[in-house]
Q: 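Submitted below is the structure of interest, expressed as structure tokens.
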Amino acid sequence: MARAPERDRDAAWQRIYATVDSIPRGRVGTYGQVAVEAGLPRRARMVGRALRELPPAMGLPWFRVLSAGGRIALEGAAARRQAALLRKEGVRVSGSGRVDLAVFGWSPEE
DNA sequence: GCGCTGACTCCCC
DNA sequence: AGGGGAGCCAGCG
């Protein structure tokens, strides 16, 4: 069997999930960062898609993933929900939904 | 198979 | 602070 394209795609999704799962409590990462870590440079949108389709039952810390610059990507009630989850674990979220990456940003090496 | 959409990001004005 | 354009590419009609 040479290779199964479907398998590769699933593998990519698996890496995305694994990367998100590796973001430690009290820290945050960005879509672009997760994409790079998952071996999918420039594919931040895929990460967003993967998270959107994410079954809540998987229990992944999706709320620790933000847009570039530390902004919450969601809006309205969903954004408030995410901010609440982050604050609950000690991450400071401004009223406008911004997180200081210099303070709470995650470095894969740590 | 083509075209639009989008939990994104970077760059320029 | 806000707006436009381009690159990326999986999913869906």
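Lettering of chains follows the sequences in order, A, B, ..., and the numbering in each one begins at 1. On a predicted model such as this, the values are computed, not experimentally measured, just so you know.
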Q: So, does Q33(A) use its side chain to make a donor-acceptor pair with the main chain of W106(A) at under 3.5 Å?
A: yes

Q: CG/L74(A) to CZ/R52(A) distance, rounded to the nearest 0.5 angstrom?
A: 11.5 Å

Q: Take the protein atom CG of L51(A) and the nucleotide atom P of dC9(C), then report the distance between them rounded to whole Å.
A: 19 Å

Q: How close or far is atom P of dT5(B) from atom CD of E53(A), stated in whole angstroms?
A: 18 Å

Q: For the side chain of R71(A) and the backbone of R98(A), is there at least one donor-acceptor N/O pair under 3.5 Å apart?
A: no

Q: Tell me: OH of Y31(A) to P of dC10(B), nearest whole Å?
A: 14 Å

Q: If I take atom CZ in residue R64(A) and atom C1' in nucleotide dA7(B), what distance separates them, rounded to the nearest angstrom?
A: 17 Å

Q: Grab the CG-P distance between L54(A) and dA10(C) for me, whole Å please.
A: 19 Å

Q: Starting from P on dG2(C), measure out to CZ on R71(A) and report it in whole angstrom.
A: 12 Å

Q: State which of dG11(C), dC8(B), dT9(B) makes the closest approach to the side chain of R49(A).
A: dG11(C)

Q: Hey, which sits more toward the 5' end of DNA chain B by its nearest nucleotide, R52(A) or G69(A)?
A: R52(A)

Q: List every contact pair, protein side and nucleotides 5-8 of chain C side both N or O, where the distance is under 3.5 Å.
A:
{"unit_1": "dG7(C)", "atom_1": "O6", "unit_2": "R45(A)", "atom_2": "NH1", "d": "3.1"}

Q: Establish, with yes or no, whether the OP1 or OP2 oxygen of dT9(B) is under 4.0 angstrom from a side-chain nitrogen or oxygen of S67(A).
A: yes

Q: Check for me, please, whether V36(A) and Y17(A) land in the same ILVMFWY cluster - side-chain distances under 4.5 Å, paths through other members count.
A: no

Q: Under 4.5 Å between side-chain heavy atoms, counting indirect links through other Ile/Leu/Val/Met/Phe/Trp/Tyr residues: same cluster for L85(A) and L54(A) or not?
A: yes

Q: Distance check needed: dA7(B) P versus Y17(A) OH, whole Å only.
A: 15 Å

Q: Should we count CZ of R87(A) as having more than 12 external heavy atoms under 6.0 Å?
A: yes

Q: Round to the nearest Å and state the distance from Q33(A) atom CD to dC10(B) atom C1'.
A: 16 Å

Q: Check for a donor-acceptor pair, side chain of E89(A) on one end and backbone N or O of G26(A) on the other, with a separation under 3.5 Å.
A: yes

